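The structure that follows is given in the form of structure tokens.
Please read these numbers as outputs of a predicted model, since none were measured by experiment.
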Amino acid sequence: MNRPVRASSGQAPAIRHLKVVRELLDWIGTLAAVPAFLLLFLASHWLAAVAAGALLAAAGARFLAFRRRLGYLERRRLRAYHRAEVEALAARLPVEGSASPRTHEERLRAGFGFVDPFFSGSGALRDGGPIVDVVTDVLRGGDRVMLMGEPGSGKSLIAGLVFARLADEFAASPRTARCPVFLQLNAMRPQTQPPDAGLTRAEEQALWLKEQLAVKVALPEVPKLARLLDDHRIVLVCDGLDEAPVMRSPHLLTSIVPESLFGLFRVPSLLTSRTAFYSIYVDATELMTGFGNAGRLLPLRFEEQGTAFLRWYAAAQRRPELAGELIRIIGGNPSLREAVARPLILRMTAEVLLDLVLRDHDADGFLSVGHGGETSAIYSRYVDKWLQREQAKEPSKLTWWQKGELIECVAWEIFSKSLASGRGWGHFELKDLLIEADALRRIAGRWLESNILVDGTVDEVCRELVHRSFLIISNDRRRYRFVHKSFFEFCAARHVVRCLDERRAENRADRTELLLHPLPDEVIDFVRELLLVVSADPDKRAATEATFLAVLNKVDIDAGTGHLMAAQQAANLLPIVADAHTMDRLRSGDLFPEHPFLQRAVAVADALHHDRHDLLDAFVKRMETDPEAVSFHMGYNRIYYGDQAYGDGVWVDDNHPECGRFFRATVRHLKVPAYRRIRVMDLYTLRVLLRNPDRRRYLLERELAALGELVALVGEADPGLGPEFDRQRVLLGSELRELLPETPPASEPPPGEE
């Protein structure tokens, strides 16, 4: 399970003495410059002058060299920072780490039960070796690495292990090894004041880096730090590009990262990002010109990596005899086996199932086979059990379920804050997981007002929330963040679903406020899974269905953009919990006028959740003759993916040529199994993009490689999607051949289905 790492050997006394002597020489060499100058003036004999000159030259060289490398005190501070940073990572270990490992890396591996993932890569990341070894070797060589993966695939852990190994190497050889610094990009601080106009570009970047880490370590002064960066003596380990709180303008975007951070990527760097975020917002941007080495983490193979991890986990919990039971439960559930293909889900599932087994609960029946809500069920059980365990440690003013409800309110507040910024929609704007202490107090105060039976003060509630919950951790004593982005997304989704289960009929229409803005992909995925679970409970299903119907009956789609969005999302989510009668009304259009935006919402939901493509086929055909339908479809997606500014609040297309993010998202849909049922709409979308002369030119200039990849995707038949899918596939293939004459023709549809 845990691949052996390079052990740190003890040092002989002679070697330790030699290191002390070398440290003293650094100081002597620096101080020797002063008496050397005095000797030049005081010496009366020419030999003394020559000797003093030689001494001055040697001391000067020594002094200049000292200015370009880290001094003794600086190295001590950095080693202390490395220890503290690894301590912070180790504090979140799923299993209590042993104190016996001698290196930072060994401790993290022992605590996390690290599963070495398979990966596909380019550049130096093609050899298929252990990912930590491969990435570290690239950074040692002075190059840069982009690492991508799905949520919970282990990106942050790999970044931590790489940082720990480099920290171990720096501790062993501080004069020759590069010094790593760790940047959690979701905790980046904006510059409080513009840099001094007299600074060079390198010094401005050094100042930015120094400010980012000021709470954790005192880096060398700006001029020296700039020289160290120029000499590639610093290695950046940057985790979570998709979480970095940056400002942006859709039409002027050249880089998705702040200029100061972007400039720092000239040094050896590791940068992690979610695959979807990378594919839509990063690939083909200026940022990627410096990252010739890129790797994508692949799903775990349960028969190999998954079973090995479960054996380690059971042994770490001192119940090795239960490993076989855990393997049997997961192995017998195909949907669950697919869910645990990500290390985070695998660890959470192991803990959930072990808890059920130890308590003599029906672990086999906990997850209904194939209902589609396995991931959200694991998150729900994991979060609840953690809160219950923390609650049992000491008396509390809050019950564990009250704390869970309050945490969901915090997640929704962060989500709402992002929307209030007016910078855009979708997951692109949900990178900032931070919340200020004052805002946390306001949330606690409002929550207490609505829960009058809770006997506690705002300070007591905040203290419970911050210090006794794994979901929120202190960042710099003034701001707080979720420990993992997926927990933030899950809690925001559970808040939405909990509020939609409104049993008071008079309050149902007020739940419209939850749907006024589009939910990001990651949040909507959890919402759909949670609604699938709700649909299995008759009372919850009926209440949630009634809430959606109340929203559809209340909103005036002509009153404003927010109301139209609320109706669109209600129409899109209602089919998950709707009974047969309501579905018939939705399909007939009886519940609302034949607005194209709402027809599209129902058609997509019918395809995704009821495996019926006739409504979606009809909407695609409508777009071929209805410019308004096309405009709403294109405008909404261009706003959602960041190609179009929200502007004055309309969802129609502004006809601006920029369409790269929407194009990349559409191509990605053709490759992701979860979007298989709506591929007919994706094919028509691509045809619309290519028919527009300005957008066709834009894509040929910036997305030529992706257009070539699209040819192969269009050539893949899928009989289960019906004749309209084949018709759109052939039409798009023909248009691509005209656009790219050297491409081979796509396969033709079966006879009689044209």
Side-chain angles (χ1 to χ4, degrees), residues 335 365 367-377 380 493-516 518-519 523-557 563-619 674-678 681 720 722:
S335 297
L367 299 168
S368 302
V369 177
H371 70 64
E374 284 76 13
T375 301
S376 61
S380 293
R494 193 154 74 163
H495 176 82
V496 172
V497 174
R498 187 192 299 274
C499 293
L500 289 172
D501 180 16
E502 177 58 72
R503 307 300 172 92
R504 298 162 295 184
E506 66 275 13
N507 292 341
R508 284 171 177 156
D510 295 335
R511 298 309 185 187
T512 301
E513 65 185 20
L514 297 167
L515 307 174
L516 292 175
L519 299 170
V523 175
I524 201 71
D525 287 343
F526 275 125
V527 167
R528 286 171 174 156
E529 282 198 9
L530 289 168
L531 286 175
L532 283 170
V533 177
V534 165
S535 65
D537 184 309
D539 293 335
K540 290 183 177 181
R541 187 210 64 78
T544 305
E545 178 190 47
T547 302
F548 280 128
L549 291 172
V551 171
L552 284 171
N553 289 325
K554 172 191 176 182
V555 297
D556 179 2
I557 60 177
H563 290 277
L564 179 57
M565 176 50 58
Q568 192 270 156
Q569 293 205 127
N572 182 254
L573 296 173
L574 173 55
I576 304 175
V577 294
D579 60 16
H581 175 67
T582 301
M583 279 308 304
D584 288 340
R585 295 182 65 194
L586 281 172
R587 290 173 182 138
S588 68
D590 176 51
L591 286 172
F592 41 73
E594 282 292 323
H595 193 288
F597 204 23
L598 306 185
Q599 184 188 21
R600 175 189 180 278
V602 175
V604 169
D606 209 22
L608 288 176
H609 303 294
H610 297 280
D611 200 15
R612 293 181 53 164
H613 54 76
D614 48 325
L615 284 182
L616 193 58
D617 291 348
F619 179 72
Y675 295 99
R676 171 176 172 260
R677 296 297 177 185
I678 62 172
M681 185 169 66

D501 versus T544, closest heavy-atom pair with distance: CA-OG1, 3.8 Å
To the nearest 0.5 angstrom, please state how far the SG atom of C499 sits from the CG atom of D510. 11.5 Å
Enter the distance from I576:CD1 to F548:CZ here, rounded to the nearest 0.5 Å. 7.0 Å
Side chains of H613 and D617, donor plus acceptor under 3.5 Å: yes
Measure the spacing between CG of L500 and CG of L573 and express it to the nearest 0.5 Å. 8.0 Å
Is any side-chain heavy atom of R528 closer than 4.5 Å to a side-chain heavy atom of L608? yes
Please evaluate residues R587 and D614 with respect to the criterion side chain to side chain contact (heavy atoms under 4.5 Å, CB included), reporting the C-alpha separation (whole Å), side-chain torsions for both, the decisive distance (0.1 Å), and the verdict. CA-CA 10 Å; R587 290 173 182 138; D614 48 325; over 6 Å; no
Can you check whether P575's main-chain N or O pairs, donor with acceptor, with H609's side chain at less than 3.5 Å? no
Where do R508 and A550 come nearest, in terms of heavy atoms and distance? CB-CB, 3.7 Å
Output the distance between atom CD (E529) and atom CZ (R494), rounded to the nearest 0.5 Å. 13.5 Å
Okay, side chain of S535, backbone of L532: is any donor-acceptor separation there less than 3.5 Å? yes
I would like to know whether L615 and Q599 meet side chain to side chain contact (heavy atoms under 4.5 Å, CB included); could you show each step before the answer? CA-CA 8 Å; L615 284 182; Q599 184 188 21; 5.9 Å; no
Would you check if H563 and Q568 make a side-chain contact, meaning some heavy-atom pair closer than 4.5 Å? no
When rounded to the nearest 0.5 angstrom, what is the spacing between CG in L586 and CG in L552? 7.5 Å
Shortest non-hydrogen contact between A566 and V555, atoms and distance: CB-CG1, 4.2 Å
Separation between CG of L616 and CG of D606, rounded to the nearest 0.5 Å: 9.0 Å
In short, V577 meets R541 closest at the heavy-atom pair O-NH1, 2.8 Å
Can a donor-acceptor pair be found, under 3.5 Å and without considering hydrogens, that links the side chain of E545 to the backbone of D579? yes
Look at the side chain of Q569 and the backbone N and O of L519, then say whether any donor-acceptor pair between them is shorter than 3.5 Å. yes
Side-chain donor or acceptor of R677 paired with backbone N/O of D611 under 3.5 Å: no
Between P596 and F619 the two heavy atoms that sit nearest each other are O-CE1, 3.4 Å
Nearest heavy atoms of S380 and L530, plus distance in Å: OG-CD2, 4.1 Å
